[in-house]
Amino acid sequence: MPSAKLRVRRVRVDRLTPGMIDRMWELYAGHYDHVTREVFDRDLAEKTLVFLGTDAASGSIVGFSTARIYQHRYRGRWVGVYFSGDTIILPQYWGQRALHNCVFATLVRWKLRRPFTPLYWYLICSGYRTYLTLVRNFPEHWPHHARPTPGWERGLIDSICSERYGAAWRADRGVISFGEVQPVLKQSVAPFTGRVLSLAEVRFFVEANPGYAKGDELAMIARVNLQVGIQVLGKWFRKVFGRPARRERRGAGLPEPAR
């Protein structure tokens, strides 16, 4: 029987076995409509890392997150980009921090090797839970629900999206849109309940990306710096030595895909 305790390890894409990839596809197809194995395999080949989630007792694969870390030239300087791709975690494992911790350790290692290169987490999301992951864990993120995006960060988002997605990047709307038929999160995975819509951040997400229901994805970046590291360490200390974080914050994990 599954323990419902999540373990996550980092695996290079070229070290994945066919069986691992088949299971990842099974999870992905179970959460998304309008998807094909061909596109899934192509997107996976473009990534370099997979954070593979397994059940602590059975060892079975219960989730994953794909990623690529690279450097992008913007306004005459190099910036690091952590591109977060497809992410799936089965619902019984939501709210745990194993995936967060494994990703954060990877970001720290990258930053320690390049201390003078700015590093940004870049993701595009059509689901509010993935959006909340960035919002709740990275104080400096854009677009922000309560303040405008500064010119430098707005330009960086445009530069990254233009390079990666070309005509699918709709700069006037701040979203990636591949047309009428594109991968879309199944409605049953993360429904917009009244409680969810009471959050100011979620209301902003819906306003900023009204096409989320047909698969449009809001483009976002967040600065990865010392402030984020202190925040993560603080959460860890509170978990180990103090009272647990509030339930709604624990629930803002990485439960669903972000292409």
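Bear in mind that the values here come from a model prediction, so they are computed numbers and not experimental data.
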(request) May I ask you to check if Arg37 and Phe40 form a cation-pi contact, with NZ or CZ under 6.0 angstrom from the six-membered ring centre and within 45° of the axis? (result) no
(request) List the atom of Arg77, the atom of Phe116, and the distance in Å for their closest heavy-atom pair. (result) NH2-O, 4.2 Å
(message) Hydrogens and angles aside, do Trp25 and Asp41 bring a side-chain donor and acceptor to less than 3.5 Å of each other?
(response) no
(message) Any non-hydrogen side-chain atom of Ile221 less than 4.5 Å from a side-chain atom of Trp121?
(response) no
(message) Would you compute the distance between atom NE2 of His145 and atom CD of Glu201 and round it to the nearest 0.5 angstrom?
(response) 4.5 Å
(request) Examine distances only and state if a side-chain atom of Thr130 and a backbone atom of Ser126 form a donor-acceptor pair shorter than 3.5 Å. (result) no
(message) Between Asp14 and Arg12, does any side-chain N to carboxylate O distance fall below 4.0 Å?
(response) yes
(message) If hydrophobic clusters are built from ILVMFWY residues whose side chains come within less than 4.5 Å, do Val184 and Leu123 share one?
(response) no
(message) Measuring only between side-chain heavy atoms, which start at C-beta, is Ser177 closer than 4.5 Å to Lys214?
(response) yes
(request) Could you check if a side-chain atom of Thr66 sits within less than 4.5 angstrom of a side-chain atom of Thr48, using non-hydrogen atoms only? (result) no
(request) Using the side-chain contact (heavy atoms from CB on, under 4.5 Å) rule, take Tyr82 and Val224 through it: C-alpha gap first, then chi angles, then the decisive distance, then the call. (result) CA-CA 9 Å; Tyr82 172 78; Val224 181; 5.9 Å; no
(request) Please round to the nearest 0.5 Å and tell me the distance separating atom CZ of Arg203 and atom CG of Leu197. (result) 8.5 Å
(message) Quick one: does any side-chain atom of Arg223 pair with a main-chain N or O of Tyr120 as donor and acceptor, under 3.5 Å?
(response) no
(request) State whether the side chain of Arg7 and the backbone N or O of Thr54 hold a donor-acceptor pair below 3.5 Å, judged by distance alone. (result) no
(request) Give me the ring orientation class for Phe83 and Tyr165: parallel if the planes are under 30° apart, tilted from 30 to 60°, perpendicular past 60°. (result) perpendicular
(request) Flag the pair Lys186 / His31 as yes when at least one side-chain heavy-atom distance between them is below 4.5 Å, and no otherwise. (result) no
(message) Show the nearest heavy-atom pair for residues Ser65 and Ser84, with the distance to one decimal.
(response) OG-OG, 4.2 Å
(request) Under the side chain to side chain donor-acceptor pair (under 3.5 Å) rule, what do Asp158 and Trp169 come out as? Steps first, then yes or no, please. (result) CA-CA 8 Å; Asp158 180 66; Trp169 165 236; 2.8 Å; yes
(request) Ignoring hydrogens and angles, state whether a donor on the side chain of His72 or Ser159 is under 3.5 Å from an acceptor on the partner side chain. (result) yes
(message) Under a 3.5 Å distance rule, please check whether His144 uses its side chain to pair with a backbone N or O of Glu140 as donor and acceptor.
(response) no
(request) Give, for atom CG of Leu16 and atom CG of Leu49, the distance between the pair rounded to the nearest 0.5 Å. (result) 10.0 Å
(request) State, to 0.1 Å, how close Arg170 and Ala167 come at their nearest heavy-atom pair, and which atoms those are. (result) NE-O, 3.3 Å
(message) Between Leu218 and Tyr212, is the side-chain contact (heavy atoms from CB on, under 4.5 Å) condition met? List the steps.
(response) CA-CA 8 Å; Leu218 181 68; Tyr212 72 88; over 6 Å; no
(message) With a 4.5 Å cut-off on side-chain heavy atoms, are Thr106 and Phe51 touching?
(response) yes
(message) To the closest 0.5 Å, what do you measure between CD1 (Ile61) and CG (Asp22)?
(response) 9.5 Å
(request) Verify the neighbour count for atom CZ of Arg164: are there more than 12 heavy atoms of other residues, nucleotides or ligands below 6.0 Å? (result) yes
(message) To the nearest 0.5 Å, what is the distance between CE on Met24 and CE on Met20?
(response) 9.5 Å
(message) With a 3.5 Å distance limit and no angle check, can you tell me whether Asp216 reaches the backbone of Asn209 through a side-chain donor-acceptor pair?
(response) no
(message) For a quick test of reading the model, state the closest non-hydrogen atom pair linking Arg23 to Leu90 and the distance between them.
(response) NH2-CD1, 4.1 Å
(message) If I take atom SG from residue Cys102 and atom CZ from residue Arg97, how far apart are they, to the nearest 0.5 angstrom?
(response) 13.0 Å
(request) For side-chain contact (heavy atoms from CB on, under 4.5 Å), just list the numbers for Leu99 and Thr87, CA-CA rounded to whole Å, side-chain angles, deciding distance to a tenth of an Å, and then say yes or no. (result) CA-CA 10 Å; Leu99 179 55; Thr87 300; 4.2 Å; yes
(request) Can you see which heavy atom on Val175 is nearest to which on Ala208, and at what distance? (result) CG1-O, 4.1 Å
(message) Any side-chain to backbone donor/acceptor pair from Trp94 onto Ile89? Under 3.5 Å, distance only.
(response) yes
(message) Check whether Gln182 reaches the backbone of Phe178 with its side chain - one donor and one acceptor, N or O, closer than 3.5 Å.
(response) yes
(message) Is the distance between the ring centroids of Phe205 and Tyr128 under 6.0 Å?
(response) no
(message) Are more than 12 heavy atoms, taken from residues, nucleotides or ligands other than Arg15, located less than 6.0 Å from that residue's CZ atom?
(response) no
(message) Looking at Glu153 and Ala222, would you say the former's side chain and the latter's main chain have a donor-acceptor pair under 3.5 Å?
(response) no
(message) I want to check something: taking the side chain as every heavy atom from C-beta on, are Val81 and Ile160 in contact at a cut-off of under 4.5 Å?
(response) yes
(message) Please check this pair: side chain of Arg109 against backbone of Leu112, looking for a donor-acceptor N/O pair closer than 3.5 Å.
(response) no
(message) Would the distance check show the side chain of His141 and the main-chain N or O of Phe138 forming a donor-acceptor pair, the cut-off being under 3.5 Å?
(response) yes
(message) What I'd like to find out is whether the side chain of Val13 reaches to under 4.5 Å of the side chain of Glu46, using heavy atoms alone.
(response) no
(request) Work out which heavy atom in Leu6 is nearest to a heavy atom in Gly53; give both atom names and the distance. (result) CD1-CA, 3.9 Å
(request) Could you give me the CA-CA distance, side-chain angles and deciding distance for Val79 and Leu156, then say whether side-chain contact (heavy atoms from CB on, under 4.5 Å) is met? (result) CA-CA 9 Å; Val79 299; Leu156 179 58; 4.0 Å; yes
(message) Applying a strict under-4.5 Å side-chain criterion to I, L, V, M, F, W and Y, I'd like to know whether Trp78 and Tyr122 cluster together.
(response) no
(request) Measure centre to centre between the rings of Trp152 and Tyr74, then say whether the value is under 6.0 Å. (result) yes
